[in-house]
Amino acid sequence: MASSLPPQAVFEPAPSPYPSGRLYEGQLLGSRCRWWVYGQEEADPLLLIHGFRGDHHGLELIAAGLADYCLYIPDLPSFGRSEPLEGIQHSISSYASWILAFIDQVIRQPVHLVGHSFGSIISSYAALARPQLVSQLSLINPICQPALEGDQRLASLLAQAYYGLGALLPGRLGFVLLRSPLITRLTSEFMMKTPDPALRSFINGQHLAYFGAFSNRQALLETYQASISHTAADYTPALPQPVQLLAAERDDLGSLDLQQKMASQLQLGRLDIIPEVGHLIHYETPLRAAALIADFHQEYSS
């Protein structure tokens, strides 16, 4: 549960050196994808799924705290260095099918699945669709309320118009709008809670470097529409496997009351609340998140 620690004792310092994994690539659902492997090859496998407009870089700091495991972090289709899905809408179900294909074809054994933000939605859907492939599920900053129904409804509507315009504009202009450093900086500043200038500078640098790493404007719009139309809470009550909710006390995209309600509906699992932080647990307290995930993995390992 949330503690009374002062903010300076909660937020972790800007990382140095920055970890990196081993790059692999292959074909899944007809499109080329790339993923990175970290930790110990023969250890228990964990599959980490990034959020909207992210890529594998955003979860590398959590990977650094889980070095005793074998960690797979892919770039989702159309993000980072993975290609879009060909002839398939980028929906919750298609992303979930892609995750299940990754487990089937790459990992080839049941995994502890970890999803951040938008990744929490598609990971929950995948775990429900084929529970035999997901032994445990950890959701970081889980999406617990439809974006168009919460306190951020206006911001969500503006963002929907922004992505729609970016998809409609002629090619170069559309990419310029959607990769705007100003919009990226404003988004970054809105989500950060840390007062540490060095960590804030690091997070801003990460977002500036990787928020524009998408390959297809239409896929970006489809993914955004999927992200605001569904929640992880749509699927978690029916999940038979252990589920961990890693919630932030000050998450702008999901109140603590709703996170607690979501936890109360789980068949099996637990809620871990990190105080002071917001929607950027993976940057502001990644080692604490990693320790909680490892503890959950050990608690429910057979």
R32 atom CZ: more than 12 heavy-atom contacts under 6.0 Å: yes
Q132 atom CD, over 12 foreign heavy atoms within 6.0 Å: yes
I273/Q260 under side chain to side chain contact (heavy atoms under 4.5 Å, CB included): CA gap, chis, key distance, verdict: CA-CA 9 Å; I273 301 172; Q260 291 168 334; 4.0 Å; yes
Is there a side-chain contact between [X] and [Y], using heavy atoms and a 4.5 Å cut-off?
X	Y	value
E284	I203	yes
I103	P110	no
E299	Q244	no
L137	S124	yes
H112	D44	no
N204	R185	yes
H282	L48	no
S301	Q136	yes

Using distance only, find each side-chain donor-acceptor pair of residues 52-64 under 3.5 Å and give its atom names and separation, not counting sequence neighbours.
{"unit_1": "R53", "atom_1": "NE", "unit_2": "F211", "atom_2": "O", "d": "3.0"}
{"unit_1": "R53", "atom_1": "NH1", "unit_2": "Y163", "atom_2": "OH", "d": "3.4"}
{"unit_1": "R53", "atom_1": "NH1", "unit_2": "L178", "atom_2": "O", "d": "3.1"}
{"unit_1": "R53", "atom_1": "NH2", "unit_2": "L178", "atom_2": "O", "d": "2.7"}
{"unit_1": "R53", "atom_1": "NH2", "unit_2": "F211", "atom_2": "O", "d": "2.8"}
{"unit_1": "D55", "atom_1": "OD1", "unit_2": "H57", "atom_2": "N", "d": "3.0"}
{"unit_1": "D55", "atom_1": "OD1", "unit_2": "H57", "atom_2": "ND1", "d": "3.0"}
{"unit_1": "D55", "atom_1": "OD2", "unit_2": "H57", "atom_2": "ND1", "d": "3.2"}
{"unit_1": "H56", "atom_1": "ND1", "unit_2": "D75", "atom_2": "OD1", "d": "2.9"}
{"unit_1": "H57", "atom_1": "NE2", "unit_2": "Y210", "atom_2": "OH", "d": "3.4"}
{"unit_1": "E60", "atom_1": "OE1", "unit_2": "Y18", "atom_2": "OH", "d": "3.3"}
{"unit_1": "E60", "atom_1": "OE2", "unit_2": "Y38", "atom_2": "OH", "d": "2.6"}

Out of curiosity, [X] [atom1] to [Y] [atom2], how far, rounded to the nearest 0.5 Å?
X	Y	atom1	atom2	value
L85	W98	CG	CH2	8.5 Å
Q40	D68	CD	CG	6.5 Å
L253	S227	CG	OG	9.5 Å
I143	S120	CD1	OG	5.0 Å
I92	T223	CD1	OG1	8.5 Å
I140	I281	CD1	CD1	7.0 Å

Of all heavy-atom pairs between [X] and [Y], which one has the smallest distance, and what is that distance?
X	Y	result
L71	L66	CD1-O, 3.2 Å
S94	I88	CB-CG2, 3.7 Å
S123	L139	CB-CD2, 4.5 Å
P275	R288	CD-NH1, 3.6 Å
F202	P15	CZ-CG, 3.4 Å
A248	G278	CB-O, 2.9 Å

For the residue pair [X] and [Y], is the inter-centroid distance of their aromatic rings smaller than 6.0 Å?
X	Y	value
Y95	F118	yes
Y125	H230	no
F214	H90	no

If two hydrophobic side chains count as joined below 4.5 Å and joins carry through other members, does [X] share a cluster with [Y]?
X	Y	value
Y283	L287	no
I49	I107	yes
L245	L258	no
L165	Y224	yes
L186	F190	no

Results of side chain to side chain contact (heavy atoms under 4.5 Å, CB included) for R22 - residues two or more places apart only: Y24, V37, E41
Is the backbone of [Y] close enough, under 3.5 Å, to the side chain of [X] for a donor and an acceptor to pair up by distance?
X	Y	answer
R34	R81	yes
Q267	P237	yes
Q241	V134	yes
R179	V176	no

Where at least one partner belongs to residues 191-201, residue pairs that pass side chain to side chain donor-acceptor pair (under 3.5 Å), sequence neighbours excluded: E189-R200, K193-D252
Derivation of the side chain to side chain contact (heavy atoms under 4.5 Å, CB included) call for L199 and E12: CA-CA 8 Å; L199 182 54; E12 296 165 19; 5.7 Å; no
Working for side chain to side chain contact (heavy atoms under 4.5 Å, CB included), residues H50 and I73: CA-CA 8 Å; H50 65 75; I73 313 181; 5.7 Å; no
Any donor-acceptor N or O pair under 3.5 Å, side chains N216, S78: no
Candidate pair S117 and H279, rule side chain to side chain contact (heavy atoms under 4.5 Å, CB included), full reasoning: CA-CA 8 Å; S117 190; H279 201 65; 2.7 Å; yes
